[in-house]
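Below: one structure, written as structure tokens.
Both counts, for ligands and for their atoms, begin at 1 and track the order of listing. Heads up: numbering here begins at 1 and tracks the sequence. Atom set for the values below is all heavy atoms of this structure, side chains included, hydrogens, waters and symmetry mates excluded. Remember, it's a predicted structure, so these values are computed and weren't measured experimentally.
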Amino acid sequence: MKVLSEAQAQTEASETLDPKNWDDIRALGHRMLDDMIDYVANIRDRPVWQPIPDEVRARFRVALPHRPSDLRDVYREFSEFVIPYATGNVHPGFMGWVHGGGTAVGMLAEMLAAGLNANLGGRDHIPIEVERQIVEWMRQIFGFPQGASGIFVTGTSMANLIAVLVARTTALGTSVRRRGVSEDGALLTAYTSTAAHGCISKAMDIAGFGSDALRCIEVDRCHRIELAALRERIALDRGAGRKPFLVVGSAGTVDIGAIDDLHAMSELCRQEKLWFHVDGAFGALGILAPALKSRLAGIENADSIALDFHKWGQVPYDAGLLLVRDGDRHRDTFAAPAAYLRRESRGLAANSPWPCDLGPELSRGFRALKTWFTLKTYGTEKLGAVITRSCALAGYLQARILAEPRLELMAPVQLNIVCFRYRAENANQLNGEIVLDIQESGIAAPSTTLLDGQLAIRAAIVNHRTDFSDIDALLSAVLEFGSRRSSDHRLVLQLEQSPPLAM
Ligand SMILES: *Cc1c(COP(=O)(O)O)cnc(C)c1O
């Protein structure tokens, strides 16, 4: 008979991951909560972002721990070496790319979701109903019919990919799921504008069509798709024996915030019998702002809409959503029988269809909860007011740029994104450096984009904490670093032009 030593017996008896003493973890948990609430409340006291010292980075390249450590020590490491080196999008000075600011409400909901540890792949539990509730609310907001379906995903990149797949199954029939996109599938072509997000081209690649099967149609000076050119290209492709199947419109382009003429696009798609998908990553929620609602007219005619709650919706990362007008098409694309996923009419395996019938994932977290908390706590009017204000701030930034001779506006401001630059001879290089200088200073965090080969400083106002003073700080920083850099530059030129020193 095998006899366990006392030590062995003790270890085996405690082979659970629960703490021996719940009061210890409770006390530490309360402290973490206080610390994170302080972090969010006092975010202005911190730099927006700061460069990561080599020794800090090196701390995250160590060996896998085999032995336990005290949670306090792990938390201390988090506090000292993770918190200070985050992206900075919680900070009101963050205007780079298109990032949401998050809220304390969303943070708390995320903690509750983790405690519940719900798996939203399927089965009969209320977390699924919470997700369906959000889908239903979005269905109503976007004017989709009963029978529409939707699913939470990481973000719009994934939502766009799923939309391409649903459009594909609609075009080719469900047999494509067995046969792949060979033969007929190889002839399919999709359409979007040159200003559309790169993830659409990636979705075409991943879906097996190849990114060449996506035709990128020219845009007008406001970066809206040229409808005549779109119509022409579709006709040209049809003439050449190709099979157009999908048009993707943008509700808020990522570069300058343009909204395509969604109404006209939906009409064109109806006439041409094409799937009309709208990438509304950040812009679709503009529907909550009374002033923007009419700009999105036509979105209600889309076959599918992708949007992110983690951008203008201020829900903490990540929370994307795909909405599909015809739920049957959506299910036809993903539902698959499996003995171990058998549905019942009662018990825990009831409540079909499950979210796993609407996308590629089986295990899924409870993203819907933080979104539910956000929508309920603030209400759509307040969230809409935050969106309206982002646009007002962008308007203020635009007005200040137009009033400042040293600055140049690079694109019409249509929503919440402002592209501009410091005037100079070597403007591309100089403005690139200005942006890096500002990021490293911790004052603000703009990003850059290229518009017709010209590098622009891009300020996307998404964070609900951003205020007029943050816009002023950004502008002062651009002018300050711009003048410093250009005098450095003049100095370099002078040195280059002066005669070589006598040897
Ligand atoms: C952010 C964005 C995406 C990508 O969405 P993720 O949530 O980052 O995956 C796609 N399209 C547009 C217009 C975006 O702004």
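Near Phe282, with a cut-off below 4.0 Å to any heavy atom, the atoms of ligand 1 are 15 (O). Counting atoms of ligand 1 from 1 in the listed order, those under 4.0 Å from a heavy atom of Gly155 are 7 (O), 9 (O).
Residue Thr156 has at least one nitrogen or oxygen atom sitting less than 3.5 Å from a nitrogen or oxygen atom of ligand 1, judged on distance alone. Remark: ligand 1 and Thr154 share no N or O pair separated by less than 3.5 Å (distance only, no angle test).
The protein non-hydrogen atom at the shortest distance from atom 12 (C) of ligand 1 is Ala281 CB, 3.2 Å. Nearest protein neighbour of atom 11 (N) of ligand 1, counting heavy atoms only, is Asp279 OD2, 2.7 Å. Ranking the protein heavy atoms by distance from atom 13 (C) of ligand 1 puts Gly252 O, 3.4 Å first. Of all protein heavy atoms, the one lying nearest to atom 2 (C) of ligand 1 is Lys311 NZ, 2.4 Å. With hydrogens left out, the protein atom closest to atom 7 (O) of ligand 1 is Asp308 OD2, 2.6 Å, a heavy atom. For atom 4 (C) of ligand 1, the closest non-hydrogen atom of the protein is Ser157 OG, 3.6 Å.
When the shell of 6.0 Å around CG of Asp452 is examined, it contains 12 or fewer heavy atoms from other residues, nucleotides or ligands. Around the CD atom of Glu129, the shell of radius 6.0 Å holds more than 12 heavy atoms that belong to other residues, nucleotides or ligands. Residue-environment remark: CZ (Arg46) exceeds the threshold of 12 foreign heavy atoms within 6.0 Å.
In terms of heavy atoms, Gly150 sits closest to Leu358 at O-CD1, 3.6 Å.
Taking each of His310, His197, Lys202 in turn, the one with a heavy atom nearest to atom 10 (C) of ligand 1 proves to be His197.
The shell of residues lying under 4.0 angstrom from ligand 1, judged by heavy atoms, includes Val254. Residue contact annotation: Met158 has no non-hydrogen atom under 4.0 Å from ligand 1. Proximity of Cys199 to ligand 1 is established by a heavy-atom distance of less than 4.0 Å. Between Ser250 and ligand 1 there is no heavy-atom distance shorter than 4.0 Å.
Considering only residues two or more places apart in sequence or on other chains, His223 meets the ring-ring contact (aromatic ring centres under 6.0 Å, His included) condition with none of them.
A salt bridge is defined here as a Lys NZ or Arg NE, NH1 or NH2 lying under 4.0 Å from an Asp or Glu carboxylate O, and Asp205 with Lys202 fails to meet this definition. A salt bridge between Arg389 and Asp467 is present, with a side-chain N of the basic residue lying under 4.0 Å from a carboxylate O of the acidic one.
Two residues are said to be in side-chain contact when any heavy atoms from C-beta on lie closer than 4.5 Å; Phe481 and Ile438 meet this criterion.
Under the 30°/60° scheme for interplanar angles, the aromatic rings of His310 and Tyr317 are found to lie parallel.
Contacts classified as side chain to side chain donor-acceptor pair (under 3.5 Å) and involving residues 145-154 (residues at least two apart or in different chains) are given here: Ser149-His330.
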